[in-house]
Amino acid sequence: MPKKVLIADDGQLVRQTIKNVLAARTDLAVCGEAVNGLEAVEKARTLRPDLVLLDFAMPKMNGAETASVLKMTMPEVRIILFTMYSENIGSYLTSAIGIDAVLSKPDGMTALTPISSLVEEEKPYVKPSLTTLPLADGNDGENGNQA
């Protein structure tokens, strides 16, 4: 059974492009879309996705605020921040609010390639070039070295 994905991004073109990319996959199925953080929380409560793909800069609640609320109400949900601002988001922020991965929009839709394994992984993933502080699990995010 495919994992259910909720896409939350204020850009209609971005949402449609992500849907098109994920439509070719048999392991993932888009269950809904949201145009802002508040709508993402409401839809997640109703749709119960396995994964929420969030933009950082959204109206009403940004991606960090949305992720925090989602993790409080649905701790099992996996959250991936797919954002233009990935270079400014450190592992300390993602670990603190429960974001499981940070992927860069400037890397294009190919950044979504590892999405299936990210849904299944137990540990948070932050693109290694973004890791500035040790992750909460003691892994510094680069080459598996311990902090």
Side-chain angles (χ1 to χ4, degrees), residues 1-137 139-141:
M1 174 175 247
K3 300 287 184 180
K4 296 188 299 184
V5 180
L6 174 64
I7 302 168
D9 195 298
D10 57 331
Q12 191 277 329
L13 182 59
V14 172
R15 289 192 318 274
Q16 186 60 50
T17 303
I18 293 170
K19 281 182 13 183
N20 291 344
V21 168
L22 297 183
R25 311 231 355 208
T26 58
D27 56 338
L28 301 168
V30 176
C31 65
E33 299 176 49
V35 298
N36 61 57
L38 186 59
E39 184 180 19
V41 170
E42 292 168 357
K43 287 197 174 186
R45 288 179 179 154
T46 303
L47 300 171
R48 308 302 291 180
D50 299 296
L51 170 69
V52 179
L53 189 58
L54 290 176
D55 183 21
F56 183 78
M58 292 187 295
K60 299 194 180 180
M61 284 195 320
N62 69 34
E65 294 165 330
T66 303
S68 181
V69 171
L70 288 172
K71 281 296 186 172
M72 283 190 289
T73 59
M74 303 171 58
E76 72 285 354
V77 73
R78 304 296 290 196
I79 298 173
I80 296 177
L81 202 59
F82 187 53
T83 180
M84 294 294 294
Y85 307 103
S86 63
E87 297 299 324
N88 299 322
I89 298 172
S91 61
Y92 59 94
L93 174 63
T94 59
S95 294
I97 59 178
I99 293 171
D100 297 293
V102 177
L103 300 176
S104 173
K105 281 184 183 178
D107 288 343
M109 292 300 143
T110 58
L112 294 176
T113 301
I115 198 171
S116 297
S117 62
L118 294 174
V119 175
E120 302 297 332
E121 286 180 9
E122 295 295 321
K123 296 179 183 176
Y125 169 86
V126 178
K127 187 175 175 183
S129 63
L130 303 180
T131 304
T132 55
L133 296 176
L135 295 174
D137 66 359
N139 185 329
D140 72 2

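All values below come from the heavy atoms of this structure, side chains included, with hydrogens, waters and symmetry mates left out.
- Looking at every heavy atom in both residues, Ile79 comes nearest to Leu51 through N-CD1, 4.3 Å.
- For Lys19, the side-chain contact (heavy atoms from CB on, under 4.5 Å) criterion is met by Ile7, Gln16, Val30, Glu33, not counting sequence neighbours.
- Across every non-hydrogen atom of Thr66 and Ala40, the tightest pair is CG2-CB, 4.0 Å.
- Asp10 contributes atom CG, which lies 7.5 Å from atom CE of Met58 (distance to the nearest 0.5 angstrom).
- Here the CG-CD1 distance, from Asp9 to Ile18, works out to 6.0 Å after rounding to the nearest 0.5 Å.
- Side-chain atoms of Thr17 come within 3.5 Å of backbone atoms of Leu13 as a donor-acceptor pair (strictly under, hydrogens ignored).
- We find the CG-NZ distance between Leu38 and Lys60 to be 6.0 Å, quoted to the nearest 0.5 Å.
- For Lys43, the salt bridge (Lys or Arg N to Asp or Glu O under 4.0 Å) partners two or more places apart in sequence, or in a different chain, are Glu39.
- Between Asp50 and Lys3, the shortest heavy-atom distance links the atoms OD2-CA, 3.3 Å.
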Taking it one step at a time, do Arg45 and Val69 satisfy side chain to side chain contact (heavy atoms under 4.5 Å, CB included)? CA-CA 11 Å; Arg45 288 179 179 154; Val69 171; 3.9 Å; yes
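- Between atom CZ of residue Arg48 and atom CG of residue Leu6 there is a gap of 12.0 Å, rounded to the nearest 0.5 Å.
- For the atom pair Leu81 CG and Asp55 CG, the distance stands at 7.5 Å (nearest 0.5 Å).
- Distance check: Lys4 NZ to Leu47 CG gives 7.0 Å after rounding to the nearest 0.5 Å.
- Closest heavy-atom contact between Val77 and Lys71: O-NZ, 2.6 Å.
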